[in-house]
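Structure first, then comments.
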Amino acid sequence: MKKVKIRLQPIVSKINLPTVLKTAMLPRDSTESLFIATQVGEIFYIGNGAISTFLDIRSRIIKLGASRGGYDERGLLGLAFHPQFYYNGLFYLHYSVAETQGPGALSKHFSPNPCDPATLNLKWINRETQYDHIDTVEEWIVQSNRQPQKRRTLLNVRRPFFNHNGVNSLNFSPETGKLVLTTGDGGAGYDPFNLSQNNMEIAGKIIEIDIVKNTFIDNPPVVTRFDELPVSIQETLTVIAKGVRNIPGIQFQRFYNQYIKYVGNVGQDLVESIFTFVYYKPIPVTQLVQTALRNTEPDQEGFINFGWRGWEGAFPTSIITSCSGNPDLDEKTIAYYDEAVKTSVRRLPPLTSYYHKDPRPDKFGGTSLTGVQPYLGNAIPNLTGSVVFTDLARRPESQPPVRGVLAYTRVRIDGKLNDFSVIETDYNFGPQSAYYVSLGTNLDQTRLYLGVNGSMKVTDFNQGSVFEIVT
């Protein structure tokens, strides 16, 4: 693949953890504005060269960074604008709700042990008391005075752990017109309760929400499973995919009269993966519930399965047994052998994967996939038609200052696993760390935006910046 060099053009600085970057045209405006949603709950927009506050929901967000040394994966996770936003002012938020902190679903660190069946078959019990927090999905509207106001709540979901909630988790499907919600497996590592493969669990799924259907339920119940939802809400939901570990959203790329879908799945210990598919057949939640009541399996032809927790990208999920005397002799054991076999023929193989350890000089060791974005512009010719992705930080992380990584890949005609190439940038961050935390684009995917943070602690305020990727 060709070597590509780009520049990072600064747009704005001194913001905190830019998690979502999207453009939209505000009602009565004549040009697009760049919207920047931050993890702490502020949404800014940039139009005509000036930055303004669009919405501030910091008071609605759970208190972040109180433990774990300031690191947190909760907060404002998703922002999506209705396809007719310019006319109807509707937009959608996904965030972790204030004052919903719980003790967590497990009292100690989890690691599967293939020799101990008890660790392979854990159940999430006492869910109303043993959980970490509650996430919500809401519909908002920009009023005639340009002040946003909440209209209704679509979902309230109880989450078992603080991490793997997804990020950039809301988008609209240009195929169906439905709101798409991506949810992580709930966290803790290795998906201890196997939520991602369970058809009834909301965790670990890609879900379509028919926002045209009004359920007339002002405050939906807080749930963890689809069968706990009122029927009127079930009827608004279909499931596109399962087997998700953690996911930086779903992106759509128009190709003639169809759309290519791109999904990144954050890895456990071995590999980060990007998946692509065109055809899919979603399953209505009402059908999933009915088949569960009959103790049967739904028709899964055309239903997407990314394979987690049995598979990590193109590999059976492994656990590493350390050989302290010689790390080169570290052993890797299949963590969930039966599940790896069961899902082997049903899972979707990845488009590309990159490793946490890669000795090749033109590659890099990854940490965590943070963004996947198709690029259809002509300003960077060598990237036209490709899929650009970002990794939080190049390994080894122990050598400051930390630097994130930009890379790209392409879809192969034969559908086989493709290679990737690092995108070189000449921007000088100086002695400051630069974690690449988000990737975004404009409406026609001809421009690319990169969110960078100087620290991964949510308590270190005003360390974030947003750049445009240019030649």
Side-chain angles (χ1 to χ4, degrees), residues 164 166 168-186 191 194-210 226 237-255 258-267 271-289 291-292 297-317 339-353 369 372-374 387 389 409 411-412 414-418:
H164 299 183
N168 193 18
S169 55
L170 294 176
N171 208 338
F172 269 91
S173 167
E175 293 179 298
T176 66
K178 295 180 180 180
L179 179 66
V180 183
L181 168 68
T182 54
T183 68
D185 66 6
D191 193 2
N194 202 16
L195 303 180
S196 57
Q197 287 295 329
N198 189 316
N199 290 338
M200 280 298 96
E201 301 289 348
I202 295 174
K205 307 296 186 296
I206 301 179
I207 302 163
E208 286 184 324
I209 305 174
D210 187 347
F226 291 119
L237 307 178
T238 54
V239 181
I240 296 176
K242 66 179 181 180
V244 171
R245 183 176 182 272
N246 201 22
I247 184 172
I250 181 172
Q251 304 298 332
F252 299 81
Q253 179 184 17
R254 189 179 183 97
F255 185 73
Q258 58 189 5
Y259 286 88
I260 305 172
K261 273 70 69 176
Y262 297 98
V263 174
N265 211 5
V266 178
V271 68
E272 308 292 303
S273 300
I274 297 170
F275 296 83
T276 183
F277 57 96
V278 175
Y279 170 78
Y280 70 96
K281 185 179 179 182
I283 302 179
V285 162
T286 51
Q287 182 181 329
L288 288 174
V289 172
T291 55
E297 283 289 321
D299 177 13
Q300 297 190 36
E301 180 183 355
F303 186 60
I304 305 300
N305 190 341
F306 300 115
W308 177 255
R309 70 181 184 178
W311 290 78
E312 184 182 349
F315 301 92
T317 301
E339 291 167 30
V341 172
K342 182 179 178 181
T343 56
S344 62
V345 295
R346 293 183 176 179
R347 68 184 182 86
L348 180 72
L351 163 66
T352 193
S353 294
L369 184 70
V372 177
Q373 186 61 61
V387 185
F389 59 94
T409 188
V411 175
R412 284 176 55 135
D414 59 11
K416 292 183 179 179
L417 191 69
N418 202 5

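All residue numbers refer to positions in the sequence shown, counting from 1. These values consider heavy atoms only, across backbone and side chains, with no hydrogens, waters or symmetry-generated copies.
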Who passes side-chain hydrogen bond (donor to acceptor under 3.5 Å, both in side chains) against N305, sequence neighbours left out? Q197

Under the side-chain hydrogen bond (donor to acceptor under 3.5 Å, both in side chains) test, residues paired with S169 that sit two or more places apart: H94

To the nearest 0.5 Å, tell me how far [X] [atom1] sits from [Y] [atom2].
X    : Y    : atom1 : atom2 : result
D185 : R309 : CG    : CZ    : 10.0 Å
I247 : K205 : CD1   : NZ    : 12.0 Å
S173 : Y259 : OG    : OH    : 8.5 Å
I240 : T182 : CD1   : OG1   : 10.0 Å
D191 : H164 : CG    : NE2   : 9.5 Å
S273 : L417 : OG    : CG    : 8.0 Å

Treating [X] as the side-chain partner and [Y] as the backbone partner, does any N or O pair qualify as donor plus acceptor under 3.5 Å?
X    : Y    : value
T352 : N418 : yes
W311 : A340 : yes
Q373 : Q251 : no
Q253 : P374 : no

Would you kindly say whether N265 and W308 are connected by a side-chain donor-acceptor distance under 3.5 Å? no

Taking the side chain as every heavy atom from C-beta outward, state whether [X] and [Y] have any pair of such atoms under 4.5 Å apart.
X    : Y    : result
V239 : L288 : yes
S196 : N198 : no
V244 : T183 : no

Return the set of residues passing salt bridge (Lys or Arg N to Asp or Glu O under 4.0 Å) with R245 (not counting sequence neighbours), or none when no residue passes. none

Salt bridge (Lys or Arg N to Asp or Glu O under 4.0 Å) partners of K342, counting only residues at least two apart: none

My understanding is that only residues two or more places apart in sequence, or in another chain, count here; which of them pass ring-ring contact (aromatic ring centres under 6.0 Å, His included) with F172? H82, Y92

For residues 274-284, tabulate all N or O donor-acceptor pairs below 3.5 Å that involve a side-chain atom, not counting sequence neighbours.
from : atom 1 : to   : atom 2 : distance (Å)
T276 : OG1    : K261 : O      : 3.0
Y280 : OH     : E208 : OE2    : 3.0

